[in-house]
Enquirer: 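Please see the structure below; I have some questions.
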Amino acid sequence: MTGMTMVHADRVSKSFGTNTVLRSISLSVDAGEVLCIVGPSGSGKSTFLRCINHLERVDAGRLSVEGQLVGYREKGGRLYELKPKEAAFQRREIGMVFQRFNLFPHLTAVENIIQAPMRVKRMSKAKATARAVELMERVGLGDKGDYYPAHLSGGQQQRVAIARALAMDPKLMLFDEPTSALDPELVGEVLDVMKGLAKSGMTMIVVTHEMGFAREVADSLVFMDGGVVVESGDPRQVLTDPQHERTKAFLSKVL
């Protein structure tokens with residue numbers, strides 16, 4: 001870890017109509033750090049993740065990545081939302097992997113991976129393809145580049161989705177419950193790829209129900225409920241000796 005702050009959230013709040021989903025969330029993630037966010041469904045975990053790359057706009061507070069405001073620019077003490085094109089440009093450096101793989105069904109694995117580098121970064125097809133082949137090796141699918149999504153298992157599709165996110169050379173990777181849609185026996189292969197990424201020094205924020213992964217890989221753990229950070233700290237300490245009753249009640253059901 002470099003000690004440099006990669007992600008900084010300062011009193012971030014978000015509502016959908018009358019439903020307040022995030023209530024003044026403040027936290028920081030250093031470069032090279034792996035943060036796992038756990039909590040019950042509806043606690044605001046996925047919404048917070050989506051705010052980090054401005055897929056959802058925040059209603060109050062500030063979010064910055066590498067010291068740069070996400071989705072907004074500041075002028076005269078006021079915040080102005082970036083135009084969609086500017087926000088998309090910012091988002092290039094933030095990789096995101098969803099629960100659902102969202103692969104294009106009519107394209108092969110490699111063709112799925114090369115789309116963004118070619119369209120957004122104007123990379124040549126030859127260069128993008130060479131990089132895609134390399135990334136398929138990295139996620140353990142070197143022999144599946146010509147397969148269509150329908151011919152890949154869920155775990156393999158999710159690994160292609162990870163390779164697709166990595167193809168943009170992101171400085172930050174966001175994972176929104178990447179194993180929750182998978183059959184139990186396929187979960188391990190995706191977690192293994194994520195462990196490899198963590199070892200390589202990738203900054204990662206992972207919303208997950210996989211407590212073993214959080215204990216083994218995360219540098220810090222946040223437990224959210226009702227749109228607030230209830231408890232945070234060293235994963236092993238939070239998981240074995242939670243301080244808050246709400247954390248204890250949640251962990252007693254999932255561990």
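Note that the coordinates shown come from a computational prediction; the quantities given were computed from them, not determined experimentally.
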Enquirer: Give, for atom CG of Leu182 and atom CD of Glu177, the distance between the pair rounded to the nearest 0.5 Å.
Expert: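 These two atoms lie 11.5 Å from each other.
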Enquirer: Using distance only, find each side-chain donor-acceptor pair of residues 43-51 under 3.5 Å and give its atom names and separation, not counting sequence neighbours.
Expert:
| from | atom 1 | to | atom 2 | distance (Å) |
| --- | --- | --- | --- | --- |
| Ser43 | OG | Pro40 | O | 2.8 |
| Lys45 | NZ | Gly39 | O | 3.0 |
| Lys45 | NZ | Pro40 | O | 2.9 |
| Ser46 | OG | Asp176 | OD1 | 2.6 |
| Ser46 | OG | Asp176 | OD2 | 3.2 |

Enquirer: Roughly how far apart are Gln243 CD and Gln237 CD, rounded to 0.5 Å?
Expert: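 Reported to 0.5 Å precision, the distance equals 5.5 Å.
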Enquirer: For Pro149 versus Gln157, what's the shortest heavy-atom pair and its separation?
Expert: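 In terms of heavy atoms, the two residues are closest at O-NE2, 3.3 Å.
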Enquirer: With a 3.5 Å cut-off and no angle check, do the side chains of Ser220 and Glu33 form a donor-acceptor pair?
Expert: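 Present: a donor and an acceptor within the cut-off.
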Enquirer: Taking all heavy atoms of Gln90 and all of Gly71, pick out the closest pair and write down the distance.
Expert: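 Looking at all heavy atoms of both residues, the shortest contact is OE1-N, 2.8 Å.
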Enquirer: Is it true that Val193 and Val207 fall in one hydrophobic cluster, defined by side-chain heavy atoms closer than 4.5 Å?
Expert: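 No: no chain of side-chain contacts under 4.5 Å links Val193 to Val207.
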Enquirer: With the side chain counted from C-beta on, respond yes when Ile25 and Val229 share a heavy-atom pair under 4.5 Å apart, and no when they do not.
Expert: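 In contact.
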Enquirer: Using a cut-off of 6.0 Å, state whether more than 12 heavy atoms not belonging to His151 lie near its atom NE2.
Expert: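 Incorrect, the count does not exceed 12.
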Enquirer: Yes or no on side-chain hydrogen bond (donor to acceptor under 3.5 Å, both in side chains) for His8 and Ser64, after CA distance, side-chain angles and deciding distance?
Expert: CA-CA 5 Å; His8 182 63; Ser64 56; 5.8 Å; no
Enquirer: Among the clusters formed by ILVMFWY side chains lying less than 4.5 Å apart, do Leu35 and Ile52 turn up in the same one?
Expert: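 Linked within one cluster.
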Enquirer: Is it true that Glu216 and Lys195 make a salt bridge, defined as a side-chain N closer than 4.0 Å to a carboxylate O?
Expert: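 Yes.
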Enquirer: Taking the side chain from Arg159 and the backbone from Val139, do they hold a donor-acceptor pair closer than 3.5 Å?
Expert: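 Side chain of Arg159 to backbone of Val139, a donor-acceptor pair under 3.5 Å: yes, one is there.
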Enquirer: Taking atom CE of Met96 and atom CG of Asn102, what is their separation to the nearest 0.5 Å?
Expert: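 One gets 10.0 Å once the value is rounded to the nearest 0.5 Å.
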Enquirer: Under 3.5 Å, is there a donor-acceptor pair linking the side chains of Thr20 and Ser15?
Expert: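 Yes, because at least one side-chain N or O of Thr20 sits under 3.5 Å from a partner of the opposite role on Ser15.
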Enquirer: Would you call Asp10 and Arg62 a salt bridge, using N to O less than 4.0 angstrom?
Expert: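 Judged by the 4.0 Å cut-off on N to carboxylate O distance, Asp10 and Arg62 do not form a salt bridge.
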Enquirer: Considering residues, nucleotides and ligands other than Phe98, do more than 12 of their heavy atoms fall under 6.0 Å from its CZ?
Expert: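 Enclosed.
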Enquirer: Rounded to the nearest 0.5 Å, how far apart are CD of Gln99 and OG1 of Thr179?
Expert: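 With rounding to 0.5 Å, CD (Gln99) is 9.0 Å from OG1 (Thr179).
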Enquirer: For the residue pair Phe223 and Phe250, is the inter-centroid distance of their aromatic rings smaller than 6.0 Å?
Expert: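 Here the rings of Phe250 and Phe223 have centres that are less than 6.0 Å from each other.
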Enquirer: If you apply the rule side-chain hydrogen bond (donor to acceptor under 3.5 Å, both in side chains), what do you find for His106 with Glu111, and how did you get there?
Expert: CA-CA 9 Å; His106 62 291; Glu111 286 168 346; over 6 Å; no
Enquirer: Would the distance check show the side chain of Arg57 and the main-chain N or O of His54 forming a donor-acceptor pair, the cut-off being under 3.5 Å?
Expert: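 Not a single qualifying donor-acceptor pair exists.
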Enquirer: Determine yes or no for a side-chain-to-main-chain donor-acceptor pair under 3.5 angstrom, with Gln158 supplying the side chain and Gly155 the backbone.
Expert: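 A pair under 3.5 Å: no.
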Enquirer: Could you go through Glu81 and Arg73, starting from their C-alpha distance and side-chain angles, then the distance that decides it, and tell me whether this counts as salt bridge (charged side-chain N to carboxylate O under 4.0 Å, His left out)?
Expert: CA-CA 6 Å; Glu81 189 171 10; Arg73 74 162 56 85; over 6 Å; no
Enquirer: Indicate yes or no: does Asp241 engage Arg236 in a salt bridge with an N to O separation below 4.0 Å.
Expert: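 Salt bridge between Asp241 and Arg236, a charged N being under 4.0 Å from a carboxylate O: no.
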Enquirer: Using every non-hydrogen atom in the two residues, find where Val12 and Leu22 come nearest and quote the distance to one decimal.
Expert: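 The pair with the smallest heavy-atom distance is O-CB, 3.9 Å.
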Enquirer: For Arg215, check salt bridge (charged side-chain N to carboxylate O under 4.0 Å, His left out) against everything at least two apart and list the hits.
Expert: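 Scan of Arg215 (salt bridge (charged side-chain N to carboxylate O under 4.0 Å, His left out), adjacent residues dropped) gives none.
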Enquirer: First locate atom CE of Met168, then atom NZ of Lys121, and finally report the distance between them rounded to the nearest 0.5 Å.
Expert: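 So the CE of Met168 and the NZ of Lys121 are separated by 5.5 Å.
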Enquirer: To the nearest 0.5 Å, how far apart are CG in Leu239 and CD in Glu231?
Expert: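 Going from the CG atom of Leu239 to the CD atom of Glu231 covers 9.5 Å.
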Enquirer: Please lay out, stage by stage, how Ser24 and Ser13 fare under the test side-chain hydrogen bond (donor to acceptor under 3.5 Å, both in side chains).
Expert: CA-CA 5 Å; Ser24 201; Ser13 296; 4.9 Å; no
Enquirer: Cation over ring, Lys14 on Phe16, under 6.0 Å and within 45°?
Expert: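 Relative to the ring axis of Phe16, which defines the angle, Lys14 lies inside both limits.
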